[in-house]
K.L.:
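Take this structure, written in structure tokens, and hold onto it; I'll ask about it next.
This chain uses plain numbering: 1 for the first residue, then up along the sequence. When a ligand or atom number is given, it counts from 1 through the structure's own listing order.
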Amino acid sequence: MPVNIVMLGAPGAGKGTQANLLAEKTNLPHVSSGDLFRENIKNQTELGKLASSYIDAGELVPDDLTIKMVVDRLSRPDCAKGAILDGFPRTSAQAAALDETLAETGQQIDVVPFIRVPEEVLIQRLTGRWTCKQCGRIYHTSFNPPAEPGVCDIDRAELYQRPDDRAETVTNRIKVYFEQTAPLIEYYRERGVLVEIDGNRDIELVNQALLGVIPAAN
Ligand code: ADP
Ligand code: AMP
């Protein structure tokens, strides 16, 4: 049976970090809308050009563009077994579109871990985040440093700081999260799939808690 997981939480909660770990352990594909946008920006596609001004301002990219991009990704063969969604859905319209697209192939959202982290911690995490240019592995200058500064442990590629992790943009992204994405907590709670996870502890402990609630890993 396919397994679909939606990682929910504010920017900086640890969704990408945990989705990477879960993808290794469950063999499910990690589908990150933010990574898909960044790939489009890097390749200078039409979508990348349309999305970049919203991303730079810490605003959400319009639903129609975002939904099409993620639905296309989910239609690829590797997602027949399900997916770990990270950063999508972020609005009620996206959540409804996701339910609809999964229903077309008899699939559904099985579990929605909501990773809860206090707001002041989010800012510290985002402003210290470094990401591998090649494999997307996520580090933090103090909380999860690479063995050698600026270099990825996995593939030795260069690490970079995301332009939208500047302090001014971070504040707006968190505001946008509370306004537009936090209502999804209730949406999924009402459907009986929400599981709250305390994200304010070591990466490994958060990961163990997640593995305990994910069907594919049991
Ligand atoms: P999100 O995908 O939710 O925006 P990330 O996974 O990119 O969040 O994590 C944001 C930053 O916080 C990164 O620098 C990451 O290394 C760090 N981080 C993630 N989880 C933890 C944790 N449990 N404790 C401390 N730092 C963490
Ligand atoms: P993330 O990598 O998840 O932090 O996303 C980076 C940025 O990409 C966000 O701040 C938004 O501008 C954009 N983005 C990512 N996912 C979505 C989404 N589901 N809906 C709208 N915009 C998104």
K.L.:
With heavy atoms of F143 as the reference, note each atom of ligand 1 found under 4.0 Å away.
P.N.:
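Taking each heavy atom of F143 in turn, ligand 1 has 25 (C), 26 (N) under 4.0 Å.
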K.L.:
If hydrogens are left out, which of T17, I203, D165 has an atom nearest to atom 9 (O) of ligand 1, that is, the closest non-hydrogen atom?
P.N.:
T17
K.L.:
Do K68 and D72 meet the salt-bridge criterion of a basic N to acidic O distance under 4.0 Å?
P.N.:
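Yes, charged N to carboxylate O under 4.0 Å.
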K.L.:
Quick one: which of T141, N144, D165 gives a side chain to side chain donor-acceptor pair (under 3.5 Å) with R129?
P.N.:
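Running side chain to side chain donor-acceptor pair (under 3.5 Å) over T141, N144, D165 with R129 returns exactly one hit, D165.
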K.L.:
Please confirm whether G16 comes within less than 3.5 Å of ligand 1 when only nitrogen or oxygen atoms on both sides are compared.
P.N.:
yes
K.L.:
Which protein residues come within less than 4.0 angstrom of ligand 2, counting heavy atoms only?
P.N.:
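Correct list: S33, G34, F37, R38, I55, E59, L60, V61, T66, G87, F88, R90, Q94, R162, D164, R173.
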K.L.:
Would you mind listing which atoms of ligand 1 come within a distance below 4.0 Å of any non-hydrogen atom of Y139?
P.N.:
13 (C), 14 (O), 16 (O)
K.L.:
Should we say atom CD of E168 is surrounded by more than 12 heavy atoms from elsewhere, each under 6.0 Å from it?
P.N.:
yes
K.L.:
Please write down residue, atom name and distance for the protein heavy atom closest to atom 7 (O) of ligand 1.
P.N.:
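So the nearest neighbour among protein heavy atoms is R129 NH1, 2.5 Å.
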K.L.:
I want to know if ligand 1 touches L126 in the polar sense, i.e. an N/O pair below 3.5 angstrom.
P.N.:
no
K.L.:
With a cut-off of 4.0 Å, which atoms of ligand 1 are near a heavy atom of P11?
P.N.:
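Matching atoms, with element in brackets: 4 (O).
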K.L.:
Considering the heavy atoms of G199, write down every atom of ligand 1 situated less than 4.0 Å from one of them.
P.N.:
23 (N)
K.L.:
Which atoms from ligand 1 have a heavy atom of I138 less than 4.0 Å away?
P.N.:
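Selected atoms, number and element: 6 (O), 7 (O), 13 (C), 15 (C), 16 (O).
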K.L.:
Would you indicate which of E204, M7, R125 comes nearest to atom 27 (C) of ligand 1 when only heavy atoms are counted?
P.N.:
R125
K.L.:
To the nearest 0.5 Å, what is the distance between CG on N207 and CG on D202?
P.N.:
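Output value for this atom pair is 11.5 Å.
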K.L.:
Would you check whether G9 reaches within less than 4.0 Å of ligand 1, judged by its heavy atoms?
P.N.:
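Judged by the 4.0 Å heavy-atom criterion, G9 does not count as contacting ligand 1.
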K.L.:
So how far is it from I214 CD1 to I84 CD1, rounded to the nearest 0.5 Å?
P.N.:
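One finds 6.5 Å between CD1 of I214 and CD1 of I84.
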K.L.:
Geometry only, no angles: is G12 polar-contacting ligand 1 at N/O separations under 3.5 Å?
P.N.:
yes
K.L.:
Using a 4.0 Å heavy-atom cut-off, which part of R201 comes near ligand 1: side chain, backbone, both, or neither?
P.N.:
backbone
K.L.:
Does R191 make a cation-pi contact with Y187, if we ask for NZ or CZ under 6.0 Å from the ring centre and within 45° of the axis?
P.N.:
yes
K.L.:
Heavy-atom count check: over 12 atoms from other residues, nucleotides or ligands less than 6.0 Å from E179 CD?
P.N.:
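Yes, because the 6.0 Å sphere around CD of E179 holds more than 12 heavy atoms from other groups.
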K.L.:
Taking the basic N atoms (NZ, or NE/NH1/NH2) and the acidic carboxylate oxygens, is any pair closer than 4.0 Å for K133 and E39?
P.N.:
no
K.L.:
With a heavy-atom distance limit of 4.0 Å, tell me whether A10 approaches ligand 1 through its side chain, its backbone, both, or neither.
P.N.:
backbone
K.L.:
Between W130 and ligand 1, is there a nitrogen or oxygen pair with a distance under 3.5 Å?
P.N.:
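No.
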K.L.:
Any donor and acceptor pair, going by atom type alone, linking the side chain of D99 with main-chain N or O of Q108 inside 3.5 Å?
P.N.:
no
K.L.:
Does R73 come within less than 4.0 Å of D78, counting only side-chain N to carboxylate O?
P.N.:
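D78 and R73: salt-bridged.
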